[in-house]
Structures are given as structure tokens and as C-alpha cells.
Protein chains: 2
Amino acid sequence: MMQENSGHPVNPAQAAACCRPIDRLLCPELFRAIGDPTRASLLACLAKCGRPCTVTEIAACCSVDLSVVSRHLALMERGGLLASSKQGRTVSYAVRYVELAGLLRALADELEQCCERTPGSADCASDGCAPGCA
Amino acid sequence: MMQENSGHPVNPAQAAACCRPIDRLLCPELFRAIGDPTRASLLACLAKCGRPCTVTEIAACCSVDLSVVSRHLALMERGGLLASSKQGRTVSYAVRYVELAGLLRALADELEQCCERTPGSADCASDGCAPGCA
DNA sequence: TGTATACTTGCACAATGATGCAAGAGAACA
DNA sequence: TGTTCTCTTGCATCATTGTGCAAGTATACA
């Protein structure tokens, strides 16, 4: 109503009421799941391994207690970084490579669109989302 | 020495000693800076605005105290998400669109490389980084 | 059926973090 | 020079989080 969809809200207050894909992509729970040194190293470890690994295996690669690793892995699964599968008494975790890479690229695309959009002409309602949804 | 560079460490313990670009890309400080609901909304707000905004402007778009916003913005700058510039008594923060998008894409690429690499044949030393550097 | 293995959960504790209020620092302006 | 504006910093407080130990649960196996 105020601006075109191709542009920007004129100020942050208007931007806050303006719902765009970036709001969904900037999911705090997901990024928080990476934002701890122990978890980041577990994730890197698991990614580099390239296959599902058991909790015991993963715990062998860092100095913290197995129970701590178990909790970190569960948290990363809740955050959407990992997928788990249980076979007998062993639980394996694997990186959700495809989903994660897709989300990161989508976020990168959105950021660049924000950057390139013409200033001062954003229609907050035309993204299929009512104002104030953020 | 043990495997080819194109492959994977055979287990997480070996993977931990194996230094790859993903170790650098999974920077906990950066992701932690997004991993809080208030900060994520501030970042989205700033991104959607598409231009540098002052602390007062940004504070107007959320319900927390201005001092809290100031601290969150400083934290996000330290994490590499934002860049600040001071003009007179006003401080403006802007999203580091290019750097951020680049990092996210690089991480996405690395994740997919991890996923595609042939299992069981990773040379941990050939990435220009001594074992145990992780 | 008992025992070993693999993992999760309860509990306690120390550390960190998010928040608001109030005061301080620095710059513009009358 | 005093006042206003913009932002940062100190302090207190409450909540959350990361951690280890110990106990519990669930599965496999002898």
C-alpha cells in the first residue's frame, strides 16, 4: 500500500512489520545450535566424516563427557542441523547436508536481494503476509 | 598419509584431527550472534531496511530497551554480521551483506562437498593444515 | 535370566547471558 | 556555557546454558 514490493521499508520500524522470507530463514534456534564451540566442532567433525556416526563414536572426538555430547546432538537435531536414526541400542546422527545447504543458500540469496532492492519503496503486504507478523 | 584428499576420515576421531575449510566457516561467534530471538529480529529488520540505520531507529522496531539494542548490535558487529560507522553523535549499523552471503554460500558448498566425497579415503594433512589443528 | 553395552535423564553447580534502570561520555546546538 | 540528543557502560537481577557425575532405560547377548 505504501511502496512497491521491489523496494525497502523506509525505516526499521516499518521493516519490522514487513514480513519477508528472511524472517523465516533467520531462525534463532537453528543458528544457536551452531553457536557454541563444542557443538560447532561436533558438527564439523560429523560433516567431515560424511556418514552417520554413533554417539559413542562422536564422543571419542572431543574431550567432554558422553552425556554432554548426547545432549548437544539432541539439541542440534531439534535445531534442524542433524537427523537421528536408532538401530538396536545405537543411535546415529547425520548432518542434514541438503536441507542445510539449501537454507544457507536461500539466506544468502535473500540477503543479496535486500542489498540490491531499490530503497524507499517496499510494499509490506505483498509478500503474502499481513503486517505485524514478524 | 592414510587416505586421499578427496575422501572422508573413517571415523569422527580422525575427522576431528582433519582440518578443512568447514572448521573455519563454522565460526561459533558468528552463529551465536544470530542465535537469539531479539538479535535475529534486529538483523532481519536491518536487512529488510537495506540501508545503514541508527541505534535509535533500530530500537524503535522492537520492545526492548535502547541499551539492550545497543549491546546486541555491538555483539553482532563483533560476530562479523554488522559494520558500524559513526557520524557526529549518531552511530549507524549496516548488514555486511556481501561478506555474509559469501560465507553462507561457502559453507553450503563445503557441506555438499563433505556429503559427496568418497567415503574412507581422506588425507588429513593435505589441506595445508597439520593434524590436530582443529 | 543375568550381564554388558549404548544412550538418556536427573541433579547440582558454576558460568554466561539477556534485560532494565540509571549514570556517564561525547557531540551538536542555542 | 549550558542544554539536548545519541549512544555506551556499570550495576543488579533473573533466567538460561554448559558441564560432570550418577542413576536410569533400553537393547543385545551369553
Side-chain angles (χ1 to χ4, degrees), chain A residues 11-13 16 26-46 49 51-94, chain B residues 11-13 16 26-46 49 51-94:
Chain A
N11 58 46
L26 281 175
C27 170
E29 200 183 15
L30 183 141
F31 291 102
R32 199 183 80 81
I34 318 179
D36 170 82
T38 306
R39 283 196 294 270
S41 75
L42 289 175
L43 180 61
C45 188
L46 205 43
C49 219
R51 61 164 176 86
C53 298
T54 71
V55 178
T56 307
E57 273 183 320
I58 301 167
C61 82
C62 68
S63 57
V64 295
D65 194 79
L66 182 106
S67 69
V68 174
V69 172
S70 171
R71 267 184 281 243
H72 278 313
L73 293 171
L75 191 151
M76 288 195 278
E77 187 186 15
R78 284 197 299 277
L81 300 174
L82 306 180
S84 74
S85 60
K86 191 170 184 178
Q87 185 135 16
R89 58 189 165 185
T90 71
V91 178
S92 292
Y93 284 92
Chain B
N11 58 46
L26 281 174
C27 171
E29 199 183 15
L30 184 139
F31 291 103
R32 200 184 80 79
I34 317 179
D36 170 82
T38 305
R39 282 196 294 270
S41 76
L42 289 175
L43 179 61
C45 188
L46 207 41
C49 219
R51 61 165 176 85
C53 297
T54 71
V55 178
T56 307
E57 273 184 320
I58 301 166
C61 82
C62 69
S63 58
V64 296
D65 195 79
L66 182 108
S67 70
V68 174
V69 172
S70 171
R71 267 185 281 243
H72 278 314
L73 293 171
L75 191 151
M76 287 195 279
E77 187 185 16
R78 284 197 299 276
L81 300 175
L82 306 181
S84 73
S85 61
K86 192 170 182 178
Q87 185 136 16
R89 58 191 167 186
T90 71
V91 177
S92 292
Y93 284 92

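To find a chain, count down the sequence lines: A is the first, B the second, and so on, and within it residues start at 1. Only this structure's heavy atoms are used, side chains among them; waters, hydrogens and symmetry mates stay out.
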**Request:** Please assess A:Thr54 against A:Val91 for the test side chain to side chain contact (heavy atoms under 4.5 Å, CB included), listing each intermediate value before the final yes or no.
**Result:** CA-CA 5 Å; A:Thr54 71; A:Val91 178; over 6 Å; no
**Asked** Between A:Gly35 and A:Lys86, which has a closest nucleotide on DNA chain D that is more 5'?
**Response** A:Gly35
**Item:** Verdict with reasoning, B:Thr38 to B:Val69, per side chain to side chain contact (heavy atoms under 4.5 Å, CB included)
**Value:** CA-CA 9 Å; B:Thr38 305; B:Val69 172; 6.0 Å; no
**Asked** Quick one: A:Arg32 CZ to C:dA18 P, roughly how many Å, whole number?
**Response** 10 Å
**Fill in**
Here the distance between atom C1' of C:dT5 and atom CD of A:Glu57, to the nearest Å, is 15 Å
**Rounded interatomic separation in angstrom, taking CE from A:Met76 and C1' from D:dT17** = 15 Å
**Asked** Is it true that a side-chain atom of A:Arg39 and a backbone atom of A:Arg32 form a donor plus acceptor pair closer than 3.5 Å?
**Response** yes
**Request:** Might you work through the side chain to side chain contact (heavy atoms under 4.5 Å, CB included) test for B:Asp36 and B:His72, ending with a clear yes or no?
**Result:** CA-CA 10 Å; B:Asp36 170 82; B:His72 278 314; 3.8 Å; yes
**Message:** If you take any heavy atom closer than 4.0 Å to DNA chain D, which residues from residues 61-73 of chain B end up in contact?
**Reply:** B:Leu66, B:Ser67, B:Ser70, B:Arg71
**Prompt:** How long is the line joining CZ of A:Arg78 and C1' of D:dT17, in whole Å?
**Reply:** 12 Å
**Asked** Given D:dT17, is OP1 or OP2 found less than 4.0 Å from the side-chain N or O atoms of A:Arg39?
**Response** no
**Asked** Please give, in whole Å, the distance from C:dG17 P to B:Asp36 CG?
**Response** 11 Å
Give the table of side-chain donor-acceptor pairs shorter than 3.5 Å for residues 59-68 of chain B, with sequence neighbours excluded, one pair per line with atom names and distance.
from	atom 1	to	atom 2	distance (Å)
B:Asp65	OD2	B:Ser67	N	3.0
B:Asp65	OD2	B:Ser67	OG	2.8

**Request:** Look at the side-chain N and O atoms of B:Arg89 and state whether any lies under 4.0 Å from the OP1 or OP2 oxygen of D:dT4.
**Result:** no
**Asked** In Å and rounded to the nearest 0.5 Å, what is the CG to CG distance from B:Leu81 to A:Leu26?
**Response** 9.0 Å
